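All remarks here apply to the structure that follows.
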Amino acid sequence: MLNPNTAKTVIDHALFLGADFAELFVEHHQSSSVQLISAEIDKVNSGIDFGIGIRLFFGHKVLYGYTNSTDEEELKRVTSLLAAKDKRDQILTAGSFDLSRYDNKHSCQLPLSQDTNMAAKIAFLRQADQAARAENEKIAQFIGSVAQREQQIEIFNSDGLHIGDTRHYTRISANAVAQNGSEQSTGYEAPGAFTGWEFNTHLDAQKLGHDVAQQAMVKLFADACPSGEMPVIIGNGFGGVIFHEACGHLLETTSVAKKASVFYDKMGEMIANSVVSAVDDGTMTNQWGSINIDDEGMETQRTQLIKDGKLTSFMVDRMGGLKTGFERTGSGRRESYKFAPTSRMRNTFIEPGTSTLDDMLAGVERGIYAKKMGGGSVQPGTGEFNFAVQEAYLVENGKITKPLKSATLISTGPKVLKEISMIGNDFALAAGMCGSVSGSVPTTVGQAALKVDNILVGGGN
């Protein structure tokens, strides 16, 4: 996408202007989406974007800019504007580029660039819509979408790195709305994968429609949730969003380097109950948050964050490594060429245990089973969070008794890690999007069901 001779000239220019490190991130991004509302196709969108991000290091200072041009003089002009903010009297020269290669772990049979599948995508959405409406006459609305994109990247830097990758993403979302008079409730699922449209062969459109409709119906006639501190069992899959938000971000050098994380000085210490082991793994085949290389050109890896309750690693990008002294973990990520990369999560999860759901329920006299988690908010510096529970049930005397609505979980990351006493054997992953200073990137959360002995629950009572 960019002539290597042009890339070398621009990088040499950056080094001549005093930069300690220079990088070009070249991106060609193609996207396509279709949305169904009220049993009709509402939107069909597609687009192509291209640009080049220029990143310069001056010590621990990062300067970043971008352009949509591949012209050598324009790239040098942007570089000069950046370097003018921190010019130094030193002259370095980049080494010769050596095209790096790696094993592609993620197959793609139906990429967007060869897309002839719009009719199949529409048919899938119609099947899900029909299944949702057939579940109950109180299903008033179904909204579904299919989004597919293809991202080609190329990275050059002053270490002599030249590497490229092509990334394929497919995600399907389904949202059902149930209504009884003035009351409404919703059900939502949005599976995704790091692959092409063949992802649909792993999904049943009718089951997807049925599941979101059933979620909506369960909540429509549910009782108000009790409030107060109590034991909570958090379901598998998207339940892992609590670890991702309340703890995962605190283990990124984005916050660790600034000492904006309560864990910045806890390496090697027990920060969780000994049953907790947590991982951030970018290598999992075709998982939504996987990558072959990160957005700094380093091959991805499996990073053990917590082992038997002990903090064993942070997620480290290039600048994070310079600031903290920790080795890079292939965690430098960005939304697009418009963002400088920072340390970010990939597929982040708590490893499974051996308990069953019945084991966890047995010790609960009165509590909540949070089967499906929703969104929430987190204070990054402290890990304080509140999360909505999308589907909740009351637990009484070791048994799930009735559905609840409007449950919220409130605590802090450091506290909730130590309150986890049991982890199940029903491990599952779920796709999501994570926003931070380097934009929004695909991430996967996950866990088996787990028991939190004590957490504050906010509800309607």
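Side chains included, hydrogens not; waters and symmetry mates left out as well; all remaining heavy atoms used. Along the sequence shown, residues are numbered consecutively beginning with 1. Please read these numbers as outputs of a predicted model, since none were measured by experiment.
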Using only atom types and a distance under 3.5 Å, with no angle test, would you say the side chain of [X] pairs donor to acceptor with the backbone of [Y]?
{"X": "Thr312", "Y": "Gln304", "result": "yes"}
{"X": "Ser38", "Y": "Gln141", "result": "no"}
{"X": "Asn286", "Y": "Ala193", "result": "no"}
{"X": "Asp294", "Y": "Gly332", "result": "yes"}
{"X": "Thr253", "Y": "Val256", "result": "no"}
{"X": "Ser277", "Y": "Asp308", "result": "yes"}
{"X": "Thr324", "Y": "Ala257", "result": "no"}
{"X": "Gln151", "Y": "Arg167", "result": "no"}
{"X": "Arg334", "Y": "Asp295", "result": "yes"}
{"X": "Gln184", "Y": "Leu220", "result": "no"}

Does the side chain of [X] reach to within under 4.5 Å of the side chain of [Y], using non-hydrogen atoms?
{"X": "Gln287", "Y": "Phe194", "result": "no"}
{"X": "Phe243", "Y": "Ile306", "result": "yes"}
{"X": "Phe339", "Y": "Val437", "result": "no"}
{"X": "Phe314", "Y": "Thr303", "result": "no"}
{"X": "Leu36", "Y": "Val34", "result": "no"}
{"X": "His60", "Y": "Leu322", "result": "yes"}
{"X": "Pro226", "Y": "Arg366", "result": "yes"}
{"X": "Phe25", "Y": "Ile153", "result": "yes"}

Inter-residue atom distance [X].[atom1] - [Y].[atom2], 0.5 Å rounding:
{"X": "Leu251", "Y": "Ile271", "atom1": "CG", "atom2": "CD1", "answer": "5.5 Å"}
{"X": "Ile122", "Y": "Asn117", "atom1": "CD1", "atom2": "CG", "answer": "11.0 Å"}
{"X": "Thr201", "Y": "Gln109", "atom1": "OG1", "atom2": "CD", "answer": "7.5 Å"}
{"X": "Ser32", "Y": "Asn45", "atom1": "OG", "atom2": "CG", "answer": "8.5 Å"}
{"X": "Lys371", "Y": "Ile234", "atom1": "NZ", "atom2": "CD1", "answer": "15.5 Å"}
{"X": "Ser440", "Y": "Arg333", "atom1": "OG", "atom2": "CZ", "answer": "9.5 Å"}

### Any residue meeting salt bridge (Lys or Arg N to Asp or Glu O under 4.0 Å) with Lys405, in chain and number order, not counting sequence neighbours
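Once residues adjacent in sequence are excluded, the partners of Lys405 under the salt bridge (Lys or Arg N to Asp or Glu O under 4.0 Å) criterion are Glu183.
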Does a donor on one side chain and an acceptor on the other come within less than 3.5 Å for [X] and [Y]?
{"X": "Ser343", "Y": "Ser331", "value": "no"}
{"X": "Asp280", "Y": "Thr348", "value": "yes"}
{"X": "Asn454", "Y": "Glu419", "value": "no"}
{"X": "Asn347", "Y": "Asp281", "value": "no"}
{"X": "Asp453", "Y": "Ser421", "value": "yes"}

Of all the heavy-atom pairs spanning [X] and [Y], show the shortest one and how long it is.
{"X": "Lys219", "Y": "Ser185", "result": "CB-CB, 3.8 Å"}
{"X": "Leu112", "Y": "Arg149", "result": "CD2-CA, 3.7 Å"}
{"X": "Ser411", "Y": "Ile455", "result": "CB-CG1, 3.8 Å"}
{"X": "Ala190", "Y": "Arg171", "result": "O-NE, 3.0 Å"}
{"X": "Val276", "Y": "Ala272", "result": "CB-CB, 3.9 Å"}
{"X": "His106", "Y": "Met284", "result": "CE1-O, 3.4 Å"}

Tell me whether the count of non-hydrogen atoms from other residues, nucleotides or ligands lying under 6.0 Å of [atom1] in [X] goes above 12.
{"X": "Lys105", "atom1": "NZ", "answer": "yes"}
{"X": "Glu365", "atom1": "CD", "answer": "no"}
{"X": "Lys138", "atom1": "NZ", "answer": "yes"}

### Query
Taking 4.0 angstrom as the limit, do Glu391 and Lys372 come out as a salt bridge?
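The answer is no: the pair does not qualify as a salt bridge.
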### Message
So that I can tick it off, tell me whether Glu351 and Arg302 are bridged by a salt bridge, with the cut-off set at under 4.0 angstrom between side-chain N and carboxylate O.
### Response
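Counted as a salt bridge, because a side-chain N and a carboxylate O are separated by less than 4.0 Å.
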### Message
Working note: Glu327 + Val316, criterion side-chain contact (heavy atoms from CB on, under 4.5 Å); need CA distance, chi angles, decisive distance, verdict.
### Response
CA-CA 7 Å; Glu327 294 291 326; Val316 188; over 6 Å; no
### Message
I'd like to know whether Ile368 forms a side-chain contact (heavy atoms from CB on, under 4.5 Å) with Val389, so could you lay out the CA-CA distance, the side-chain angles of the two residues, the decisive distance to 0.1 Å, and finally the verdict.
### Response
CA-CA 10 Å; Ile368 301 296; Val389 182; 5.7 Å; no
### side-chain hydrogen bond (donor to acceptor under 3.5 Å, both in side chains), paired with Arg346, selected from Thr283, Thr443, Thr444, Thr300
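For Arg346, the side-chain hydrogen bond (donor to acceptor under 3.5 Å, both in side chains) test succeeds with only one of Thr283, Thr443, Thr444, Thr300, which is Thr300.
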### Task
In sequence, state the C-alpha distance, the side-chain angles, and the governing distance for Lys266 and Ser261, and then conclude on side-chain contact (heavy atoms from CB on, under 4.5 Å).
CA-CA 10 Å; Lys266 304 298 186 200; Ser261 164; over 6 Å; no
#### Entry: Partners meeting ring-ring contact (aromatic ring centres under 6.0 Å, His included) with Tyr337 (sequence neighbours left out)
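Partners of Tyr337 by the ring-ring contact (aromatic ring centres under 6.0 Å, His included) criterion, ordered by chain and then number, come out as Tyr66.
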### Query
Run the side-chain contact (heavy atoms from CB on, under 4.5 Å) check on Thr354 and Asn425 step by step: do they pass?
CA-CA 5 Å; Thr354 57; Asn425 56 11; 5.6 Å; no
### Message
Would you call the rings of Phe349 and Phe427 parallel, tilted or perpendicular, taking 30° and 60° as the class edges?
### Response
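Perpendicular: the ring planes of Phe349 and Phe427 meet at over 60°.
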### Message
Is the ring pair Phe50/His28 parallel, tilted or perpendicular, if the boundaries are 30 and 60 degrees?
### Response
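The arrangement is tilted - the two ring planes meet at 30° to 60°.
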Which side-chain N or O atoms in residues 208-217 pair as donor and acceptor under 3.5 Å with protein atoms at least two apart or in another chain?
from: His210; atom 1: ND1; to: Glu135; atom 2: OE1; distance (Å): 2.7
from: Asp211; atom 1: OD2; to: Lys207; atom 2: NZ; distance (Å): 2.8
from: Gln215; atom 1: OE1; to: Tyr188; atom 2: N; distance (Å): 3.2
from: Gln215; atom 1: OE1; to: Gln390; atom 2: NE2; distance (Å): 2.5
from: Gln215; atom 1: NE2; to: Glu189; atom 2: OE2; distance (Å): 2.7

